[in-house]
Undergrad: 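Take a look at the following structure, please.
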Amino acid sequence: MIKIVTIEREYGSGGGEVAAQLASQLGWKLWDQLLTEEIARLANCSKAAVEDREERRDPLYYRLFRSFLRGSYEGSINAHKLNVVDSESILKMTKRVVLRAAETGNCVVVGRGSQHFLRDRNDTLRVFLYAPTQDKVRRLLARGKTEDEAHELVDTVDRERGDYVSKYFGVEWPNLPLYHTMINTSIGDGAVVQAITNFMKICDARPGKP
């Protein structure tokens, strides 16, 4: 039985909205903003600090600053209190939270490497959502972004996600063999949710893993 759905997505394709609708329809727990909040709690930092480093590599200046800061604390009696929120520490905490959520089951998890952390579970359906550029820009405009901002975000966020996945998981993004299905969200959020639930039924009807 499928008890977990991971949704990886291109930026602006509506992954968050689809995940929320799917979780609501199934009556399952949604791990999206909740995942960020839980990581922030574990890291003892603000949600904004986590959002700034999620699904992206640390820039060079940040890595240098982190090394300098850690070096400054070397040998200090307060070294155990050092709390640097970087991509690597967030990745480790994300894995902990995702694996814990998976043990409970009945959940929809959005991005953050969840498809990689849960790749060996037979009760997990891994979905990738994408959309034409014009559709992604249209969604971002509806959220209040300007035309220039929308195009820049569409161009840069996924590139950062790709760099992140390449560095920490050693594969290209998206890693096609990892997903059970890939859906173009231009068919509409409701249709995407229906397609995912139909696919879940097909997987549940098959013996063994999906």
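Quick note: numbers below take in every heavy atom, side chains included, and nothing from hydrogens, waters or symmetry partners. Numbering of residues begins at 1 and proceeds along the displayed sequence.
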Undergrad: Decide yes or no on side chain to side chain contact (heavy atoms under 4.5 Å, CB included) for Asp32 and Arg112, but give the supporting numbers first.
TA: CA-CA 9 Å; Asp32 189 5; Arg112 283 111 167 154; 2.6 Å; yes

Undergrad: Just wondering, do Val98 and Leu35 contact through their side chains at under 4.5 Å, heavy atoms?
TA: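 Yes, close enough: below the 4.5 Å cut-off.
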
Undergrad: Ignoring hydrogens and geometry beyond distance, is a side-chain donor-acceptor pair present between Trp31 and Glu38 at under 3.5 Å?
TA: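 No, no side-chain donor-acceptor pair sits under 3.5 Å.
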
Undergrad: Group every Ile, Leu, Val, Met, Phe, Trp and Tyr by side-chain heavy-atom contacts under 4.5 Å, then state whether Ile202 and Tyr179 land in the same group.
TA: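 No; Tyr179 is not reachable from Ile202 via cluster members.
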
Undergrad: For a 4.5 angstrom cut-off between non-hydrogen side-chain atoms, does Thr6 reach Leu118?
TA: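 Yes, close enough: below the 4.5 Å cut-off.
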
Undergrad: With no hydrogens and no angle check, is any side-chain donor or acceptor of Thr156 less than 3.5 Å from a backbone partner on Glu152?
TA: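 The answer is yes, because a donor-acceptor pair under 3.5 Å joins these two groups.
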
Undergrad: Within the 3.5 Å criterion, strictly below it, is a donor on Ser186 or Asn184 matched to an acceptor on the partner's side chain?
TA: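 Ser186 vs Asn184: donor-acceptor pair found between side chains.
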
Undergrad: Look at atom NZ of Lys3 and say whether more than 12 heavy atoms of other residues, nucleotides or ligands are closer to it than 6.0 Å.
TA: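 No.
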
Undergrad: How close do Cys107 and Ala101 get, heavy atom to heavy atom, and via which atoms?
TA: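 Closest approach of Cys107 to Ala101: SG-O, 3.8 Å.
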
Undergrad: If you take all heavy atoms of Glu103 and Arg121, which pair is closest and at what distance?
TA: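 For Glu103 versus Arg121, the nearest heavy atoms are OE2-NH1, 3.0 Å.
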
Undergrad: Of all heavy-atom pairs between Gly111 and Glu8, which one has the smallest distance, and what is that distance?
TA: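 The answer is CA-OE1, 3.7 Å.
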
Undergrad: Just wondering, are more than 12 heavy atoms of other shown residues or ligands nearer than 6.0 Å to CD in Glu149?
TA: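 Enclosed.
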
Undergrad: Can you give me the closest heavy-atom contact between Ala19 and Val110, atom names plus distance?
TA: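 Reported closest heavy-atom pair: CB-CG2, 3.4 Å.
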
Undergrad: Does any non-hydrogen side-chain atom of Leu176 lie less than 4.5 Å from one of Pro174?
TA: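 A side-chain contact under 4.5 Å exists here.
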
Undergrad: Taking a hydrophobic cluster as the set of Ile, Leu, Val, Met, Phe, Trp and Tyr residues connected by side-chain heavy atoms closer than 4.5 Å, whether directly or through intermediates, do Leu34 and Leu99 fall within one such cluster?
TA: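 Shared cluster, yes.
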
Undergrad: Does the side chain of Ile7 come within less than 4.5 Å of Gln115's, by heavy atoms?
TA: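 They are not in contact (no side-chain heavy atoms under 4.5 Å apart), so the answer is no.
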
Undergrad: List the steps and the verdict of salt bridge (Lys or Arg N to Asp or Glu O under 4.0 Å) for Glu10 and Lys136.
TA: CA-CA 9 Å; Glu10 289 184 344; Lys136 293 186 285 189; 2.8 Å; yes

Undergrad: Can you name the nearest heavy-atom pair linking Arg9 to Asp158, along with the distance?
TA: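 Nearest heavy atoms, Arg9 then Asp158: O-OD1, 4.3 Å.
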
Undergrad: Measure across Val127 and Ile196 and return the closest heavy-atom pair with its distance rounded to 0.1 Å.
TA: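 So the minimum-distance heavy-atom pair works out to CG1-CD1, 4.2 Å.
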
Undergrad: So, Thr185 side chain and Gly14 main chain: donor-acceptor pair closer than 3.5 Å or not?
TA: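 Judged by distance alone, no pair lies under 3.5 Å.
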
Undergrad: Please examine the side chains of Tyr130 and Ile183, heavy atoms only from C-beta on, and report whether any two atoms are closer than 4.5 Å.
TA: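 Not touching, per the 4.5 Å side-chain cut-off.
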
Undergrad: Around atom CD of Glu172, are there more than 12 heavy atoms from other residues, nucleotides or ligands closer than 6.0 Å?
TA: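 Atom CD in Glu172 is not packed in, count stays at 12 or less.
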
Undergrad: May I ask you to decide if the ring planes of Phe169 and His116 are parallel, tilted or perpendicular, using 30° and 60° as cut-offs?
TA: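 Judged by the thresholds at 30° and 60°, the geometry between Phe169 and His116 is parallel.
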
Undergrad: Do the non-hydrogen side-chain atoms of Ile2 and Asp123 ever get within less than 4.5 Å of each other?
TA: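 No, side chains not in contact.
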
Undergrad: Tell me whether Met200 is reachable from Met1 by hopping between hydrophobic residues (I, L, V, M, F, W, Y) whose side-chain heavy atoms are closer than 4.5 Å.
TA: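 In one cluster with Met1: Met200, no.
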
